[in-house]
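Read through the structure below, which is laid out as C-alpha cells, and then see the notes.
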Amino acid sequence: MDEELHERVREIVRTIPEGKVASYGDIAARAGAPSPRLVGRILAEDGQDIPWHRVLRTSGYPAPHIAREQLARLRAEGVLADGERIPMRRYRWAD
C-alpha cells in the first residue's frame with residue numbers, strides 16, 4: 001500500500017471535528033484514494049488512535065460489527081442516531 005496515501009487518510013480522519021461525521025467515500029475523495037473500501041481497510045488496520053468512529057457508510061449506517069461501539073462514541077459527542085442510522089445531512093462534515 002502507498003504509505004503517503006495511508007498517512008493522508010489518517011490525517012484527514014484525524015481532522016474530522018467532534019460532533020461531525022464523514023463517509024468512507026468523502027475521505028477517499030479528499031485523500032485521492034481509489035476506493036472507499038481502501039479507507040475502511042486503513043481504519044480497520046491502523047485507525048485505533050484516531051477518531052475512526054466519525055467515518056460511516058454513505059447511508060449513515062455503521063458497519064454491523066462495530067455499530068454498538070461506534071454509535072455510543074458518536075452519541076457521547078452529540079451525534080444522535082435515528083434508530084441505527086446517523087442522519088448524514090445533519091452531521092456531515094463539510095470542511
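Heads up: numbering here begins at 1 and tracks the sequence.
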Checklist entry - With sequence neighbours excluded, what pairs up with R8 under the salt bridge (Lys or Arg N to Asp or Glu O under 4.0 Å) test? => result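 R8 satisfies salt bridge (Lys or Arg N to Asp or Glu O under 4.0 Å) with no residue once adjacent residues are dropped.
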Item to check | L74 side chain near Y91 side chain, heavy-atom distance below 4.5 Å | outcome: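 A side-chain contact is absent here, since even the closest heavy-atom pair is not under 4.5 Å.
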Item to check | Contact check, side chains of I12 and V39, non-hydrogen atoms, under 4.5 Å | outcome: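 No; the side chains remain at least 4.5 Å from each other.
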Checklist entry - What do the steps show when you test V13 against I42 for side-chain contact (heavy atoms from CB on, under 4.5 Å), and what is the final call? => result CA-CA 11 Å; V13 172; I42 291 168; over 6 Å; no
Indicate the atoms forming the closest heavy-atom contact of [X] with [Y], along with that distance.
X   : Y   : result
L5  : P34 : CD2-CD, 3.9 Å
A22 : I16 : CB-CD1, 4.0 Å
V9  : A31 : CG2-CB, 3.7 Å

Next on the checklist: List the residues meeting side-chain hydrogen bond (donor to acceptor under 3.5 Å, both in side chains) with R30, not counting sequence neighbours, and say none if there are none.
Outcome noted: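 For R30 there are no side-chain hydrogen bond (donor to acceptor under 3.5 Å, both in side chains) partners, ignoring immediate neighbours.
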Checklist entry - Going from CD1 on I66 to NE2 on H53, what distance comes out if it is rounded to the nearest 0.5 angstrom? => result 10.5 Å
Checklist entry - Got a second to check how far E4's CD is from E11's CD, nearest 0.5 Å? => result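 If I round to the nearest 0.5 Å, the distance is 13.5 Å.
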Checklist entry - What residues, two or more places apart in sequence or in another chain, satisfy side-chain contact (heavy atoms from CB on, under 4.5 Å) together with A81? => result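 Testing A81 for side-chain contact (heavy atoms from CB on, under 4.5 Å), a comparison that skips the adjacent residues, returns L71, I86.
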Next on the checklist: Do I50 and I27 sit in one hydrophobic cluster, given that two such residues count as connected whenever their side-chain heavy atoms are within less than 4.5 Å of each other, even indirectly?
Outcome noted: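 Same cluster.
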Checklist entry - Can you pull the salt bridge (Lys or Arg N to Asp or Glu O under 4.0 Å) pairs that have at least one residue in residues 17-26, sequence neighbours excluded? => result D26-R92
Checklist entry - Under the salt bridge (Lys or Arg N to Asp or Glu O under 4.0 Å) rule, what pairs show up with a residue in residues 74-90, not counting sequence neighbours? => result R54-E77
Next on the checklist: Treating R73 as the side-chain partner and W52 as the backbone partner, does any N or O pair qualify as donor plus acceptor under 3.5 Å?
Outcome noted: no
Item to check | R37 atom CZ: more than 12 heavy-atom contacts under 6.0 Å | outcome: no
Would you be so kind as to tabulate the donor-acceptor pairs closer than 3.5 Å made by side chains of residues 55-63, with sequence neighbours excluded?
unit_1	atom_1	unit_2	atom_2	d
S59	OG	Y61	N	3.3

